[in-house]
Protein chains: 2
Amino acid sequence: MPGPIQSLERAAAILRLLAGGERRLGLSDVASSLGLAKGTAHGILRTLQQEGFVEQEPVSGKYQLGAELLRLGNSYLDVHELRARALVWTDDLARSSGEAAYLGVLHQDGVLIVHHVFRPDDSRQALEVGAMHPLHSTALGKVLSAFDPVAHNEVAEHERAALTARTVTGAAELEAVLDLTRARGWAADLEETWEGVASVAAPVYDRRRMPVGAVGITGAVERVCDESGIQARLVAAVRDCARAVSRDLGAARF
Amino acid sequence: MPGPIQSLERAAAILRLLAGGERRLGLSDVASSLGLAKGTAHGILRTLQQEGFVEQEPVSGKYQLGAELLRLGNSYLDVHELRARALVWTDDLARSSGEAAYLGVLHQDGVLIVHHVFRPDDSRQALEVGAMHPLHSTALGKVLSAFDPVAHNEVAEHERAALTARTVTGAAELEAVLDLTRARGWAADLEETWEGVASVAAPVYDRRRMPVGAVGITGAVERVCDESGIQARLVAAVRDCARAVSRDLGAARF
DNA sequence: CGATGAAGGTCGACATTGTCGACCGACGCA
DNA sequence: TGCGTCGGTCGACAATGTCGACCTTCATCG
């Protein structure tokens with residue numbers, strides 16, 4: 001396999017640096033963070049700016065991400081087949097469950113949210129499309145970790161942060177949770193990611209019966225749970241939705 | 001000014017090609033569309049794939065945009081100061097007007113939607129963050145064209161498509177509309193972009209009193225208009241919101 | 001069923017291209 | 001007024017990306 005293109009790798013590293021770090025970075029910050037000569041970093045930044053991938057504050061000269069990324073990210077959603085198929089079903093899921101519905105796919109070491117339907121009753125909710133959620137503590141993440149071998153590797157190799165007192169961080173305990181998930185075909189998150197918030201999710205399969213994503217709902221624990229855990233009707237609604245999307249994608253009947 | 005980096009320009013062109021064109025493109029399509037040797041195109045695509053900016057369908061080998069773009073686009077929103085300041089005000093605007101509220105900025109030859117609050121009452125609305133709207137026919141676009149010289153150049157130089165029977169396409173007529181917009185400080189779109197849909201928008205200024213974006217509302221023409229055009233209370237609500245955001249950004253009092 | 005063409009991908013020689021580090025002017029601070 | 005740091009430029013050098021021929025695979029078609 002021939003080598004990758006150096007300047008592109010560096011440009012990608014710069015974009016990630018700008019995305020992850022502080023709000024705005026100066027040229028020298030970028031250069032020293034990545035171990036590049038200032039001239040080199042400047043050339044890359046200048047080109048990225050010209051293409052709209054980064055913007056420069058005219059006063060201070062600091063750099064930040066550019067609008068073209070938002071446009072391209074939106075185009076990604078348009079092309080995404082899983083998302084297109086799931087649109088109508090997740091809408092129904094949110095309506096019937098009364099909670100916010102999510103569609104996520106594996107991306108790097110997390111769950112990338114590619115669709116989000118707001119909870120029907122309420123307003124003032126932040127949109128989370130494009131956000132990343134952890135693999136080891138969310139219902140979506142556990143489903144992917146349980147059914148997708150690549151996700152399983154990721155969750156096994158990465159540090160698992162204790163986000164709340166209930167987060168499962170031990171390798172053996174997590175493995176047991178994933179076994180349970182595989183056995184029953186769905187996963188739950190009972191205040192393991194955010195205090196007071198619970199979620200349920202189930203896997204979506206493509207035409208070759210490979211897991212390609214997960215759908216789920218998230219809501220306040222007192223609405224979503226009863227004395228025995230997640231309410232059975234919500235689990236059923238989520239699983240029905242996952243099956244419906246899978247069928248839309250061409251997976252064989254269950 | 002030293003030259004831009006060739007491989008980066010080409011990579012950006014490939015991403016735009018994938019974003020704009022058909023759903024998926026093969027290696028040869030990409031190479032011939034951009035006039036590149038197959039080997040060259042392959043090297044760039046391989047690197048972009050490695051970085052997550054494009055994905056390759058394992059069967060068929062065709063390429064499409066990758067998930068990393070969505071993640072970075074989302075990070076762009078996090079960093080965007082105008083958007084951060086506008087979040088709460090546009091929320092209020094949607095609530096008080098009962099219509100969907102939008103925040104847009106100039107990007108290339110269009111309006112890039114960076115925030116969108118759903119209409120409060122109804123569900124089943126498509127999210128439009130990341131979408132591009134035309135400059136010459138939408139209220140947001142007219143506001144930007146009227147107050148931002150760069151946007152004015154763009155709208156003057158580009159072809160203005162007739163999206164509906166009411167779209168203003170002539171240069172002189174558009175200029176008159178923009179003059180009116182400048183004079184009264186807001187713009188309207190009465191079924192000039194979509195049949196049955198009207199919108200109002202007003203400009204947002206930064207601390208140096210430079211126009212940096214526009215806020216507006218959009219809704220069915222029978223709800224938004226009365227016999228004299230856009231309802232006065234809606235115009236007032238939009239202008240109040242724009243002033244509030246501008247004040248938040250540090251613009252002097254009006 | 002073998003020929004054919006077009007697909008994605010690889011390879012190695014070449015010289016274009018991006019990189020490096022010294023340098024420049026501007027700004028802010030003491 | 002001088003120092004330190006900032007963003008940005010310049011030119012030499014060779015590392016780097018590019019090109020076009022070539023390989024394998026697959027679907028098509030005579």
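The sequence lines fix the lettering, A, B, ..., with proteins before strands; numbering per chain opens at 1.
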Open item on the list: I'd like to know if B:Glu81 and A:Arg24 make a salt bridge, using a cut-off of under 4.0 Å between side-chain N and carboxylate O.
Closed with: yes

Task: Sidechain N-carboxylate O distance under 4.0 Å for B:Glu175, B:Arg160 - done: no

- [ ] Describe, in one word, how the ring planes of B:Tyr205 and B:Phe147 are oriented to each other, choosing from parallel (under 30°), tilted (30 to 60°) and perpendicular (over 60°).
- [x] perpendicular

Rounded interatomic separation in angstrom, taking [atom1] from [X] and [atom2] from [N]:
X       : N      : atom1 : atom2 : answer
B:His42 : D:dA21 : NE2   : P     : 18 Å
B:Asp29 : C:dG9  : CG    : P     : 12 Å
A:Arg46 : D:dG7  : CZ    : C1'   : 12 Å
A:Arg10 : D:dA15 : CZ    : P     : 13 Å
B:Gln64 : C:dG8  : CD    : P     : 15 Å
A:Ile5  : C:dT17 : CD1   : P     : 13 Å
B:Gln6  : C:dT19 : CD    : C1'   : 15 Å
A:Leu25 : D:dC6  : CG    : P     : 12 Å

- [ ] Could you pull out the closest heavy-atom pair between B:Asp109 and B:His158, with the gap in Å?
- [x] OD2-CD2, 3.3 Å

So what does [X] hit on the nucleic acid, given a heavy-atom distance under 4.0 Å: a base, only sugar-phosphate, or nothing?
X       : answer
A:Thr40 : base
A:Gly39 : base
A:Glu57 : nothing

Ignoring the backbone of [X], work out which of [options] is nearest its side chain.
X       : options               : value
A:Ala37 : D:dG8, C:dG21, D:dC19 : C:dG21
B:Gln56 : C:dG18, D:dT9, C:dG9  : C:dG9
B:Ser28 : C:dG9, C:dA7, C:dT10  : C:dA7
B:Leu27 : C:dT10, C:dG8, C:dT17 : C:dG8
A:Leu36 : D:dC19, D:dG8, C:dC20 : C:dC20

- [ ] Please find out if less than 6.0 Å separates the ring center of B:His133 from that of B:Trp194.
- [x] yes

Open item on the list: Checking side-chain polar atoms at under 3.5 Å, does A:Tyr102 have a donor or acceptor matched by the opposite partner on A:Glu128?
Closed with: yes

Task: B:Gln64 side chain to B:Gln56 side chain, donor-acceptor N/O pair below 3.5 angstrom - done: no

TODO: Compare side-chain N and O positions of B:Tyr63 against OP1 and OP2 of C:dG9 and report whether any pair is under 4.0 Å apart.
DONE: yes

TODO: Indicate yes or no for a side-chain donor-acceptor contact from A:Thr193 to the backbone of A:Ser137 under 3.5 Å, with no hydrogens or angles considered.
DONE: yes

Task: First of B:Ser7 and A:Gly61 reached from the 5' end of DNA chain D, by closest nucleotide - done: A:Gly61

TODO: Go through the N and O atoms of the side chain of A:Lys38 and the base of D:dG8, and report whether any donor-acceptor pair is under 3.5 Å.
DONE: yes

Task: Divergence of helical axes at both termini of the helix from C:dT17-D:dA14 to C:dA30-D:dT1 - five pairs an end, 10° steps - done: 0°

